[in-house]
Protein chains: 2
Amino acid sequence: MANQEIKSSNSENEAKKTTKEKIFDASVDLFSKKGFNDVTVREIAKEARIREGSIYNHYKNKEAILDAIIDYFKSEITQSNIPAEETTNLIDKGPEAYFEGGVKMFMARINIPQMEKIWRLVCIEIYHNAKIREFFKKELLEEPLAGWENIFSIMMEKKMIKPVNPRTLAYEYWSYAIFLVFEYFILKYDEDFDSFMNLGLEKMINHTRFLLEAIKIEEETN
Amino acid sequence: MANQEIKSSNSENEAKKTTKEKIFDASVDLFSKKGFNDVTVREIAKEARIREGSIYNHYKNKEAILDAIIDYFKSEITQSNIPAEETTNLIDKGPEAYFEGGVKMFMARINIPQMEKIWRLVCIEIYHNAKIREFFKKELLEEPLAGWENIFSIMMEKKMIKPVNPRTLAYEYWSYAIFLVFEYFILKYDEDFDSFMNLGLEKMINHTRFLLEAIKIEEETN
DNA sequence: GTCTATACCCTGATAGAC
DNA sequence: GTCTATCAGGGTATAGAC
């Protein structure tokens, strides 16, 4: 956490940035707005206030810049995963507490200044870039689905929630999160200037409450 | 319904196609695979087995081909909307029947041979093409959400389902459909050779059952 | 490392004979 | 309508002086 300020954010201390960082940040900006294909190396150079040729001293080619951004995204996402030990502790606090934890976990993956732009970039390049697509499928779809399925199974064993198909329940829960990402970063990114953190959080909590109501154990069974 | 075979599908009677149709079909094929930007006019000409220059006798430019495809998509989607009168009739048959109708309505929008490719094209160009994005937002997100909100409100008034926030319920229902579209056409299009019709139908029915269970009126209240 | 200058390729689109 | 030939522009990437 000491020298973790490698990726300095936007307009702050622009002067202190290395050229490589300038290229990285300018590319994040442009790619997230226009998509990889529609950004030219000339534009990146202009935005980074350097000459075109200098870019190739830091990155092999245009594709390599995108790769670096994807790697950064991957590492940020993977870091924010909740360790397995904490999971078991959280479950005993009841479904409400766990859901709340889940929402916060989900939001933590987005609530880093530059990450919101990279999320946008990931969403718009997902069809086009195999690396992004495979990562998204594995780390943001299959792995969370399997995780939630496991959680729900445990909760059912402990009679904390109604017995339903845990796989179905995992899909019911998580698909909404993916929908929110899609809705925000693809459909509404240009118009909603509020961050996903603020807009999505409320909707996700709403969703969680609804689901909780559907699967809670009725009091009257006592 | 008589001369509605204008858009002849793939390999059938290739010879009978007009040149304009050849260009249209070749473009649908290529755009849906690679995206608009990564397809060249030369490729389209090759796929359509004509010369490059001939394309411009039928379409003003490359963009105009995409526009024609989008217009075709729009008209197919709009046609398959259920008229308002039928809606009220369906509601009285109970939530199960109505949901079933809803799923079929949704699937009907996809289950036309060439439409599956165009759906893919729409999904991958949605960030990039304002016309597609606005249509998707209006006709496939906002309008259905408003429609379902209305349906659910009526059902609640008629005490057919539990009283919950109808807007929330509409989101709970419809967001899953959008998720399925996204999952299939973006994440899994290359690998799943089965049509969305087959794969999505089962998942959507599963979802419907879960939601129905959550909002049904309990028998014991009698 | 950064700059200037440029090579080389591919793009969408057009002109004009047939 | 379809073809051949071609253009102008813009794309990535490189060479070589500083």
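Labels below follow one simple rule: chain letters A, B, ... track the order of the sequence lines, proteins then strands, and each chain is numbered from 1.
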Is there any protein nitrogen or oxygen under 3.5 Å from a nitrogen or oxygen in nucleotides 16-18 of chain C, and what are the pairs?
none

Check the interface with nucleotides 12-14 of chain C: list each N/O to N/O pair with the protein under 3.5 Å, or write none.
| from | atom 1 | to | atom 2 | distance (Å) |
| --- | --- | --- | --- | --- |
| dG12(C) | OP1 | V39(B) | O | 3.4 |
| dG12(C) | OP1 | K62(B) | NZ | 3.1 |
| dG12(C) | OP2 | V41(B) | N | 2.9 |
| dG12(C) | N7 | R42(B) | NH1 | 3.1 |
| dG12(C) | O6 | R42(B) | NH2 | 3.2 |
| dA13(C) | OP2 | Y56(B) | OH | 3.2 |
| dA13(C) | OP2 | K62(B) | N | 3.0 |
| dA13(C) | N6 | E52(B) | OE2 | 3.1 |

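- A close approach under 4.0 Å does not occur between any side-chain nitrogen or oxygen of T19(A) and OP1 or OP2 of dG1(C).
- In this structure, K20(A) places its NZ atom 16 Å from C1' of dT2(C), rounding to the nearest Å.
- Distance CD1 (I44(B)) to P (dT11(C)): 11 Å, rounded to an integer number of Å.
- Side-chain N or O atoms of S75(A) include one that pairs as donor or acceptor with a backbone N or O of Y72(A) at under 3.5 Å.
- Distance, I55(A) CD1 to dT12(D) P: 9 Å, rounded to whole Å.
- The residue from Y176(A), Y98(A), Y171(A) that alone fulfils the ring pair (Phe, Tyr, Trp, His ring centres under 6.0 Å) condition with W148(A) is Y98(A).
- Per the geometry, CD1 belonging to I50(B) stands 12 Å off P belonging to dT4(D), to the nearest Å.
- For the pair E183(A) and K203(A), the salt-bridge criterion is met [side-chain N within less than 4.0 Å of a carboxylate O].
- Between D38(A) atom CG and dG11(D) atom C1' there is a gap of 12 Å when expressed in whole angstrom units.
- Salt bridge E142(B)/K137(B): absent, no basic N to carboxylate O contact under 4.0 Å.
- For Y184(A) and W119(A), the ring centers are positioned 6.0 Å apart or more.
- Salt bridge status for E43(B) with K46(B): absent, with no side-chain N to carboxylate O gap under 4.0 Å.
- Remark: aromatic rings of F24(B) and Y59(B) are distant, center separation not under 6.0 Å.
- Residue S54(B) has a polar side-chain atom (N or O) positioned under 4.0 Å from OP1 or OP2 of dC3(D).
- Per the geometry, NZ belonging to K17(A) stands 19 Å off C1' belonging to dG1(C), to the nearest Å.
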*Output, in order, the C-alpha distance, side-chain angles, deciding distance and verdict of side-chain hydrogen bond (donor to acceptor under 3.5 Å, both in side chains) for D38(A) and H128(B).*
CA-CA 10 Å; D38(A) 285 358; H128(B) 189 264; 2.6 Å; yes
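- Residues W174(B) and F179(A) place their aromatic rings such that the two centres sit no closer than 6.0 Å.
- Separating the CG atom of L66(A) from the P atom of dT12(D) is a distance of 13 Å, rounded to the nearest angstrom.
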